[in-house]
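Encoded as structure tokens, the structure appears first; notes follow it.
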Protein chains: 2
Amino acid sequence: MSAEPHHHRPSAPSWSTHADEALSRRGSRASAARNAVLAALDSQACCASAQEIHARITTDGTAIGIASVYRTLELLHGLALITRVDTGDGVARYEPAHPNGEHHHHLVCNACGAVEAFHDGELEAAIHAVADRVDFRVDAHDIALRGACRRCR
Amino acid sequence: MSAEPHHHRPSAPSWSTHADEALSRRGSRASAARNAVLAALDSQACCASAQEIHARITTDGTAIGIASVYRTLELLHGLALITRVDTGDGVARYEPAHPNGEHHHHLVCNACGAVEAFHDGELEAAIHAVADRVDFRVDAHDIALRGACRRCR
DNA sequence: CTCTATCCGATAATGAGTATCATTACCAAC
DNA sequence: GTTGGTAATGATACTCATTATCGGATAGAG
């Protein structure tokens, strides 16, 4: 296992480095397709669909098959390295899952489909309280608030 | 606004009656297909997909087209008479939305796909607090807790 | 009863996601 | 450096939920 490169770049604890390591540990091999998907995920602001990710990679000059995007996303999701976000339009979107458990939830505009992120500590606390109370082992939670964004209101 | 019928029958304030009235008010016509879908929704325990609803109606001896099920669900959803539940398996499920705003959320088993319902007042309160704080008009919220049900744990 | 807007059901089209499979390429061992 | 086992790739065929289309049926007002 190679040592972690302790660079002088504070702005990039880089989720993709974390993901890369987890994949290596898992015995997965590096490849152009996988690197491109990791890089795309790392640089996206919020969630993105498989096709959006593929389009961006293609635009950036790397030609990879759409199947590889789906495969990589499935693999990453299985390892809990990315989170699937379902906005209700029949398209799965994904975003990096940070190892410290830090995460956010989404505001979905019913009119234009825009997605915004928010975080709220009390909401998280309420979720955890419920999780302790039910007869169910809760591993994750998805919350979406739906309505109208500022522009569509 | 008509008075709420204060019957001696606590088990049947009947959502479908409420839905029927809302549809008539809207100028929609009654039909065998629509009635069958309303009845199916009214009698289901939790959420059901379009195909499940269609299968049940067919089994019960009424032959209607699958397109009518989708059409009716779309109409009802547009009037906020039903709620769409997305469990992440690419299939939309629906359940009656009760006029008093009473609703529940879902526990989804990642292993077997089972869906259970739960309700929690504090969670609702936390949601409303967030809704007031964000720059977004929040009309509805979806919450899904994912993990393993008792049998799959 | 007639007329017309609405709804119906069968089916074709759409589109996201998955399975298949021959080929390619990583990488540990030699 | 070469090699061999095997995972990964990409093109494409496929599945399947959902939507669009369209000719015919029907509710329900007048």
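Both backbone and side-chain heavy atoms feed into the values below; hydrogens, waters and symmetry mates do not.
- If you measure from atom CG of D20(A) to atom P of dC27(C), you get 10 Å, rounded to the nearest angstrom.
- Residue order along DNA chain D, read from the 5' end via each residue's closest nucleotide, puts V69(A) first among V69(A) and I66(B).
- At a threshold of 4.0 angstrom between heavy atoms, the contacts of E74(B) with the nucleic acid are absent.
- Distance CD1 (I53(A)) to C1' (dG17(C)): 14 Å, rounded to an integer number of Å.
- Rounding to whole angstrom units, CG of residue L23(B) and C1' of dA27(D) are separated by 15 Å.
- S49(B) comes within contact range of no nucleotide atom at all, as no heavy-atom separation falls under 4.0 Å.
- Side chain R29(B) to base dA5(C): a donor-acceptor pair is found below 3.5 Å.
- If you check every strand for non-hydrogen atoms under 4.0 Å, A63(A) touches sugar and phosphate atoms only.
- Below 30°, between 30° and 60°, or above 60°: for Y94(B) and H77(B) the angle between ring planes is above 60°, a perpendicular geometry.
- OP1 or OP2 of dG10(D) sits under 4.0 Å from a side-chain N or O of S68(A).
- Atom-to-atom, CZ of R25(A) to C1' of dA7(D) comes out at 19 Å; the value is rounded to the nearest Å.
- Using a 4.0 Å heavy-atom distance criterion, A30(A) is classed as a sugar-phosphate-only contact.
- Atom C1' of nucleotide dG10(D) and atom CZ of R34(A) are separated by 14 Å, given to the nearest angstrom.
- Side-chain to base pairing of R71(A) with dG10(D): one donor and one acceptor N or O lie within less than 3.5 Å of each other.
- For the residue pair D60(B) / T62(B), no side-chain donor-acceptor distance below 3.5 Å is found, with atom types taken as modelled.
- With DNA chain D read from its 5' end, the first of the two nearest nucleotides for Y70(B) and A33(A) is the one closest to A33(A).
- Not one side-chain nitrogen or oxygen of S28(A) sits closer than 4.0 Å to the OP1 or OP2 atom of dA7(D).
- Between H141(B) and H105(B), the angle of the ring planes lies from 30° to 60°, which puts this pair in the tilted group.
- The separation between D89(A) atom CG and dG15(C) atom C1' is 12 Å, rounded to whole Å.
- Atoms CD and OG, from E21(A) and S16(A) in turn, are 10.0 Å apart once rounded to the nearest 0.5 Å.
- If you measure from atom CD1 of I64(B) to atom P of dA10(C), you get 10 Å, rounded to the nearest angstrom.
- Phosphate contact (OP1/OP2 of dA16(C), side-chain N/O of Q51(A), threshold under 4.0 Å): present.
- A donor-acceptor contact closer than 3.5 angstrom is absent between the side chains of H119(B) and E124(B).
- When rounded to the nearest whole Å, the span between CZ of R93(A) and P of dA16(C) equals 11 Å.
- The shortest distance between the side-chain N/O atoms of S31(B) and the OP1/OP2 oxygens of dC7(C) is not below 4.0 Å.
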